[in-house]
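We count ligands from 1, going down the list as the structure has it; atoms in each ligand are counted the same way.
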Amino acid sequence: MLNRINNILSNIKDENLKKKYYELIITLLEKGYFPGLAGVPVVKSQISHIDGEKGILTYRGYPVQELAENCTYENVCFLLLNGDLPLSEEKNEFRQKLLENRKIHPNIARVIALMDKDLHPMYMLSSSVLLLQSDDKDAFDVERYQQNLLRSISLIAKLPTIIGIFRNRDPEFAVNEQFTSFAQYCLYCFNQELAAEKQWVDFFEKILILHGDHTMNNSTFSARAVSSSMASIYASISSAINSLSGPLHGGANERVIKMLEEIGSPERVESYVDDKLSRGEKIMGIGHRIYKTYDPRALYIKEKILPIIFEDKEAIRVDDDLMNLYQIAQRLEEVALDRLSDKKLYPNVDFWSGLVLKAMKIEPRYFTTIFALGRIMGWCSHYLEHMKVKNRIYRPEQLYDGFGIRHILVNQDEEKVNRA
Ligand code: COA
């Protein structure tokens, strides 16, 4: 057996991969299981790739920064779903398809508009995605690729509409409006004034693109795990949204802003960080399971978007409160790098994205829904890929650590069951 393992490992040419497999074997032998499934490949996928040591993220081979710099939402969505960038006529047709599909059945729209306004938008979103299934009689017909593709486009198109209806308490939200791009429509759901300004639409579009896909993260894993039972795409995307809501995943961007507000001034950053670390608590927006260097998405926002918003006074004027939050974040980055870079912990995308959204005057409780508007492209692409390759149902193992077999003791006198 050992010889066989050694033979297999010695045939692997990629040294990094070999190291990863050794680590997996050691973890299994030492612990008997893989906590948090860290390092365990569960699928073969062609959608995105991360080199966590070098800080590289690609979608279908293209570096994410190049896509954010040069592409539209429609381009990237088409790329993720279909495997390649669209030709020019395909691009226009695809944009049309997205904009046409944004309308929601009036009965469903009314239910969404009536949902309690205090319900967190992420749970409103996941429930509403499930509601959409009532307008799709063939939702369980999941084996035909073309049908799944059409459903994906329809879902991607309807996600901003759900948010627009709920946020504006209006079942007819934007039904008669015209939009030049899908990103413009997405921004319109949060800020109608800024949606008329090209520069803000561009920033918003870049944020959506940067969130498009991210290999086997928690929400994508959830989407694939649910779809592996041949559940409907609505069930799969709804569970991905629920997973994304957590503070260790997409929910971090909302909490980063709360944390910056709580710190209050750049002078208080050092004591805040030291306090947190001494209590063994985590700093929101810092660290990543895969990146062992700066997250390329975070770097793009920091270098290409934030300087225009916060440092180019000709372009945009931000108020003093927001400028203060930016300065706190800058100081926090310095202190976090000083205290945590030896553990290879760096700012992640959530650390910086919240400041861009805050500059757009979007309420922090909606921040994670914007992450979802980007990531739905990836979730649907994984759904399509999963259904195409006919992966096995996800059914991992556990290391049982509970009671051995024990028996019920029936006490005839008391007529009740006692513990052994
Ligand atoms: N602040 C301080 N310490 C952190 C940290 C953070 N944000 N993230 C990780 N660490 C430390 C842990 O305390 C642990 O230290 P130890 O080895 O001394 O015990 C070590 O780094 C490994 O952390 P762990 O939680 O096991 O890593 P993980 O891979 O399971 O978790 C995250 C990855 C992203 C969940 C984690 O870094 C985190 O919670 N970050 C904050 C939330 C966040 O920003 N999430 C958005 C991700 S895009």
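In terms of protein heavy-atom proximity, atom 16 (P) of ligand 1 is nearest to K343 NZ, 3.6 Å.
With a 4.0 Å cut-off on non-hydrogen atoms, H249 touches ligand 1 through its backbone and not its side chain. Residue contacts with ligand 1 for I286 involve both N, CA, C or O and side-chain atoms from C-beta outward (heavy atoms, distance under 4.0 Å).
Annotation: E363, atom CD; neighbour count of heavy atoms from other residues, nucleotides and ligands within 6.0 Å is above 12. Enclosure of atom CD in Q46 is not indicated, since only 12 or fewer non-hydrogen atoms of other residues, nucleotides or ligands lie within 6.0 angstrom.
For R331 (side chain) and I328 (main-chain N/O), no donor-acceptor pair under 3.5 Å exists by modelled atom type.
When only modelled atom types and interatomic distance are considered, W379 and S236 share no side-chain donor-acceptor pair under 3.5 Å.
With distances taken over non-hydrogen atoms, the option nearest atom 24 (P) of ligand 1 out of R289, H214, H211, K282 is K282.
Residue contacts with ligand 1: G36 is excluded, as none of its non-hydrogen atoms falls under 4.0 Å. At least one heavy atom of L345 sits under 4.0 Å from some atom of ligand 1. The shortest heavy-atom distance from A38 to ligand 1 is not under 4.0 Å. Within the structure, ligand 1 has L277 among the residues with a heavy atom less than 4.0 angstrom away.
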